[in-house]
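Structure first, commentary second.
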Amino acid sequence: MRPLPSLVTAGFTAALLSAFPFPSPPNLLFFAAAASFSVVCLFRPPLSTFAPVSRRHRGPYHAVTMRRADSPPPSLSFSSPESLNDWIRPRLPSDALASWGASPGTKSLHNLWLEIFHGEASLLLLPHSQDETRGGEDGSSTLLRVVNVAAVRIRNSRGAVLVESHQLLSDGTIRHRYRPLSEKMMPGEPVEAAVARAVREELGKDVVKIVPGSYNMRVEERTSASYPGLPARYVLHSVDAEVEGLPEEGEFSTEENGEGIEAMEKAIFVRRHFWKWVTDDDGSIERAWG
C-alpha cells in the first residue's frame, strides 16, 4: 500500500496538470519539478517501521556482535529431584543412573535437576528424525540434554592456550578436563556476558577482552560425561580472549566462586580449577572441547 504522502502528492500534481494543461513557459519549471517529485514518491518503497538492529554489548570487554544462547524447545520440568528420578530411571540404560555421582568425575541426579530448574540445561524428548544421538529412547522419541556453552580460548604472550587440566570436586574426586575455560549459559544470555561470568567465577578476574571476529558456533552431540548414558547436545559458542593478571608460565590453580547454589543444595560442585598453558599447533584442544 502506498504511503499517504505519496498519494496526496500524486493527486495534487494531477489536479494541477488538469487545471492547467498547457502551462505558460515561466511555469514549466514548476510543473516539471512537481511531476518529478510525484514520480519519486510513487515509486519510492515505503519506509519500514522496524529496521534490523545489530546487537552489541558493551562493558569491561570489547564490543563484538555475537549470538545469544538459543532458547531450545520447552524443557521437561520436574517439581523435585525425586520426581525427575521416577521419570528418568526407566528411560535410561539400566546401569546408567547408578553411576551418577558415584563414578569419579560424574555428577548426581540432583545436579541435573538443578541445571533444569535454573535453566542451565534443557531435557527434551525429540523424535528420532530430529536427533542423531543414540540411546535414551522413549518409544518413538529420544531423551536429550541440551546445553549452550561459552568456550573461551585465552592466550598468553607466546600464543599458548590456557586449558583446564582437571577439577577438584566437592566429593574429593578428580574430574579430568583438558579443555579451555567454559561456562554453561543461561537462557537468552549474551555470549559476552557468559564469557565475563566464566572469567570472574573460575579465574577470579574482572576484565576480559574478546578478540573481535573470533566468535564461532558449532554443535556437538554425544553422551554426557557428567551423566553417563544420557545423550547430550552441546551448542558451543567459542571466542578468543585476553585476560590480564594471569600467570604467563607454568601451572596454577584457582578457587571456584560460582557454584554456591550447588553447595547449599548439597549437590556435587567444583571446589578448585587447575590450569596450564599448552601449545595448540595441531588443533587438538579445539577437538577436545566438550
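Values reported hereafter were calculated over all heavy atoms of this structure, with side chains retained and with hydrogens, waters and symmetry mates removed.
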- Message: Tell me the closest heavy-atom pair linking R155 and V161, and the distance in Å.
- Response: NH1-CG2, 3.1 Å
- Any side-chain heavy-atom pair of L76 and L125 under 4.5 Å: yes
- Pair V219-R233, side-chain contact (heavy atoms from CB on, under 4.5 Å): steps then yes or no: CA-CA 7 Å; V219 177; R233 175 180 296 160; 3.6 Å; yes
- Message: Within this structure, what is the CZ-CD distance for the pair R158 and E248, rounded to the nearest 0.5 Å?
- Response: 7.5 Å
- Task: Locate the shortest heavy-atom distance separating S182 from R177; write the atom from each residue and the value.
- Result: OG-NH2, 3.5 Å
- Query: Going through the distances and angles, do L169 and V270 end up as a side-chain contact (heavy atoms from CB on, under 4.5 Å)?
  - Reply: CA-CA 4 Å; L169 302 182; V270 178; 3.9 Å; yes
- Task: On the 0 to 90° scale, with breaks at 30° and 60°, tag the Y215-H237 ring pair as parallel, tilted or perpendicular.
- Result: parallel
- Task: Consider only side-chain N and O atoms of S108 and N111, and report whether a donor and an acceptor are under 3.5 Å apart.
- Result: yes
- Does the side chain of F269 come within less than 4.5 Å of E256's, by heavy atoms? no
- Note on the structure: Smallest heavy-atom separation, H110 atom then P81 atom, equals CD2-CG, 3.9 Å
- What is the minimum heavy-atom distance between W277 and I154, and which atoms define it? CZ3-O, 3.5 Å
- Inter-residue atom distance R179.CZ - L162.CG, 0.5 Å rounding: 14.0 Å
- Note on the structure: Taken to the nearest 0.5 Å, the spacing of L236 CG from M185 CE works out to 10.5 Å
- Query: So, the side chain of S224 versus the backbone of R145: is there a donor-acceptor pair under 3.5 Å, distance only?
  - Reply: no
- Message: Is there a side-chain contact (heavy atoms from CB on, under 4.5 Å) between L92 and Y227? Walk through the geometry before answering.
- Response: CA-CA 11 Å; L92 291 174; Y227 308 101; over 6 Å; no
- Report yes or no: does N216 contribute a side-chain atom to a donor-acceptor pair with the main-chain N or O of S238 at less than 3.5 Å? no
- Just wondering, do L112 and L230 contact through their side chains at under 4.5 Å, heavy atoms? yes
- Task: Check whether any side-chain heavy atom of I261 lies under 4.5 Å from a side-chain heavy atom of F117, and answer yes or no.
- Result: no
- Task: Flag yes if L168 and F252 sit in one hydrophobic cluster, no otherwise; membership is Ile, Leu, Val, Met, Phe, Trp, Tyr, and two members link when side-chain heavy atoms are under 4.5 Å apart.
- Result: no
- Message: As a test of understanding, state which of R272, H273, H166 forms a side chain to side chain donor-acceptor pair (under 3.5 Å) with S253.
- Response: R272
- Query: Is there side-chain contact between E120 and M186, with at least one heavy-atom pair below 4.5 Å?
  - Reply: yes
- Message: A side-chain contact here means heavy atoms from C-beta on lying under 4.5 Å apart; do T173 and R175 qualify?
- Response: no
- Atom CG of D86 and atom OG of S80: how far apart are they, to the nearest 0.5 Å? 8.0 Å
- Message: Taking atom CD as the centre, does E244 end up with more than 12 heavy-atom neighbours from other residues, nucleotides or ligands that are less than 6.0 angstrom away?
- Response: no
- Item | Over all atoms of both residues, closest heavy-atom pair of I268 and K107 | CD1-CA, 4.2 Å
- Message: Taking P228's backbone N and O only, do any of them form a donor-acceptor pair with W100's side chain (distance below 3.5 Å, no angle check)?
- Response: yes
- Message: Could you measure the distance from the OG1 atom of T254 to the CG atom of L181? Nearest 0.5 Å is fine.
- Response: 9.0 Å
- Which pair of heavy atoms, one from W113 and one from F78, lies closest together, and at what distance? NE1-O, 3.0 Å
- Note on the structure: One should read off an interatomic distance between R271 CZ and E259 CD, to the nearest 0.5 angstrom, of 11.0 Å
- Task: Say whether, by atom type as modelled, one donor and one acceptor occur between the side chain of E183 and the main chain of A194 under 3.5 angstrom.
- Result: no
- Message: A side-chain contact here means heavy atoms from C-beta on lying under 4.5 Å apart; do I174 and F274 qualify?
- Response: no
- Considering only heavy atoms from C-beta outward, does the side chain of V152 approach that of V243 to under 4.5 Å? no
